[in-house]
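Let me begin by presenting the structure, written as structure tokens, before commenting on it.
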Amino acid sequence: MKNKFIIIFVLLFGVSLFSQQARLNETAPDFKLKDSNGKEHSLSDFKGKIVVLEWINYDCPFVKKHYDSKNMQSLQERYTAKGVIWLAICSSAKGKQGNFSSEEINKRSKNHNAKFTAYLIDEDGKVGKMFGAKTTPHMYIIDKDGKLVYAGGIDDKATTDVDDIKTAKNYVSAALDELLNGKQVTTQSSTPYGCSVKY
């Protein structure tokens, strides 16, 4: 009877409690989201590619730091040119900071000259919670085997000061360079910083 109860519990709740939580050095959970142009993307669409997930909120001062300085766009451009898939994800709920219409998203992305592969909308926050995204920006890297190999901050300077970018250690570029050179990621996690994700 006890075993029967456990089996029923796992069947009912197992997917949400166990298999759908992202963990370092394990296969990243698949997800499906629409982008700001209405096109659907699944993580599994990019099998065999390195994928960056960037949690975004254009109104967050920490996000502004990296976009107004062109730091984020230069990273996007540099690595997408090398075959990396870069997905910006917004988990801001309706009525919360960072939740915009598709038209507004595309207008801001164009004004910033953003170079990501797609801007994905996660209005119900399911994907953000699946990955444990806490801040904007919160960065994740998935390797060619589909494993999560980095989760944390973009760099080690937890400020809104643009001048700090020059002297910061950029964890994302370091990890991507290692992966592209066939090496293991040295620093796999760091403390994320920024505005809280507006679930």
Side-chain angles (χ1 to χ4, degrees), residues 15-17 20-23 28-46 51-77 79-80 84-142 148 150-155 157-162 165 171-172 190-199:
V15 171
S16 60
L17 287 180
Q20 293 298 305
Q21 198 62 43
R23 291 181 181 87
D30 197 15
F31 60 81
K32 190 180 286 185
L33 290 173
K34 284 186 179 177
D35 67 18
S36 56
N37 296 306
K39 184 182 176 184
E40 208 165 62
H41 300 266
S42 295
L43 182 60
S44 54
D45 293 342
F46 308 112
V51 179
V52 174
L53 306 180
E54 169 207 336
W55 258 263
I56 190 170
N57 166 4
Y58 279 137
D59 277 354
C60 167
F62 293 89
V63 171
K64 286 180 179 180
K65 165 190 174 181
H66 291 287
Y67 273 90
D68 289 350
S69 64
K70 311 294 183 195
N71 182 48
M72 194 69 83
Q73 301 94 311
S74 67
L75 289 170
Q76 293 164 349
E77 187 169 31
Y79 292 105
T80 55
V84 172
I85 302 298
W86 194 296
L87 303 173
I89 302 178
C90 182
S91 295
S92 295
K94 200 167 261 189
K96 298 277 185 81
Q97 186 194 62
N99 183 294
F100 305 113
S101 67
S102 293
E103 292 76 19
E104 180 67 15
I105 292 165
N106 290 336
K107 179 184 166 187
R108 290 189 182 217
S109 298
K110 187 179 178 182
N111 288 342
H112 281 303
N113 197 24
K115 300 293 183 181
F116 41 65
T117 307
Y119 182 116
L120 305 183
I121 299 166
D122 178 41
E123 201 170 75
D124 61 11
K126 280 183 185 173
V127 177
K129 289 169 186 172
M130 188 190 292
F131 278 83
K134 293 180 174 65
T135 63
T136 50
H138 196 157
M139 311 295 295
Y140 297 82
I141 300 173
I142 297 157
L148 182 64
Y150 178 76
I154 185 170
D155 59 34
K157 300 279 187 181
T159 73
T160 56
D161 190 345
V162 168
I165 292 170
Y171 296 121
V172 174
S190 68
T191 304
Y193 71 87
C195 307
S196 61
V197 175
K198 311 302 182 193
Y199 291 117

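These numbers come from a predicted model, not from an experiment.
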Working for side-chain contact (heavy atoms from CB on, under 4.5 Å), residues Ile56 and Tyr67: CA-CA 10 Å; Ile56 190 170; Tyr67 273 90; 3.5 Å; yes
side-chain contact (heavy atoms from CB on, under 4.5 Å) between Phe46 and Ile142, worked out: CA-CA 10 Å; Phe46 308 112; Ile142 297 157; over 6 Å; no
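Put simply, the side chain of Lys94 never gets that close to the backbone of Asn99: no donor and acceptor are under 3.5 Å apart. Looking only at distances, no side-chain donor or acceptor of Asp122 sits under 3.5 Å from a matching main-chain atom of Ile89. No donor-acceptor distance shorter than 3.5 angstrom exists from the side chain of Asn37 to the backbone of Lys39, with no hydrogens or angles considered. Checked by atom type and distance alone, the side chain of Ser91 never pairs as donor or acceptor with a backbone atom of Tyr199 at under 3.5 Å. When atom types are taken as modelled, the side chain of Ser190 and the backbone of Gly152 share no donor-acceptor pair closer than 3.5 angstrom. Checking side-chain atoms of Gln21 against main-chain N and O of Lys129 turns up a donor-acceptor pair under 3.5 Å.
Across all their heavy atoms, Ser36 and Ser102 have their closest contact at O-CB, 3.2 Å. Summarising the geometry of Met72 relative to Pro137, their closest heavy-atom pair is CE-CB, 4.2 Å, with the distance given to 0.1 Å. Shown here for Gly98 and Asn57, the closest heavy-atom pair between the two residues is CA-OD1, 3.1 Å. In terms of heavy-atom proximity, Ile121 sits nearest to Leu33 at O-CD2, 3.4 Å. Here the closest non-hydrogen pair linking Met139 and Gly153 is CG-C, 4.2 Å.
If you take CZ on Phe116 and CG on Asp35, they are separated by 9.5 Å, rounding to the nearest 0.5 Å. To the nearest 0.5 angstrom, Ser109 atom OG is 10.0 Å from Phe100 atom CZ. A distance of 8.5 Å separates CG in Asn106 from OG in Ser101, rounded to the nearest 0.5 Å. Taken from NZ in Lys115 to CD in Glu77, the straight-line distance is 5.0 Å, to the nearest 0.5 Å. With values rounded to the nearest 0.5 angstrom, Tyr171 atom OH is found 12.0 Å from Ile154 atom CD1. The CD atom of Gln73 sits 10.0 Å away from atom CH2 of Trp86, with the distance rounded to the nearest 0.5 Å.
Applying the side-chain hydrogen bond (donor to acceptor under 3.5 Å, both in side chains) test to His138 and every residue at least two apart in sequence or in another chain returns Tyr140. Phe62 meets the ring-ring contact (aromatic ring centres under 6.0 Å, His included) test with Tyr193; sequence neighbours excluded.
Between Lys157 and Ile165 the shortest side-chain heavy-atom distance does not fall below 4.5 Å. A heavy-atom distance below 4.5 Å is not found between the side chains of Val63 and Cys195. His112 places a side-chain heavy atom less than 4.5 Å from the side chain of Tyr58. Using a 4.5 Å cut-off on side-chain heavy atoms (C-beta onward), His66 and Asp155 make contact.
Annotation: Lys126, atom NZ; neighbour count of heavy atoms from other residues, nucleotides and ligands within 6.0 Å does not exceed 12.
In this model, a donor atom of one side chain and an acceptor atom of the other lie less than 3.5 Å apart for Lys198 and Ser196.
Aromatic ring pairs are classed by plane angle as parallel below 30°, tilted from 30° to 60° and perpendicular above 60°; the pair Phe31 and Phe131 is perpendicular.
Among residues at least two apart or in separate chains, salt bridge (charged side-chain N to carboxylate O under 4.0 Å, His left out) pairs with a member in residues 54-69 are Asp59-Arg108.
Shown are Val197, Thr136, Thr135; of these, the side chain to side chain contact (heavy atoms under 4.5 Å, CB included) with Pro192 is made only by Thr135.
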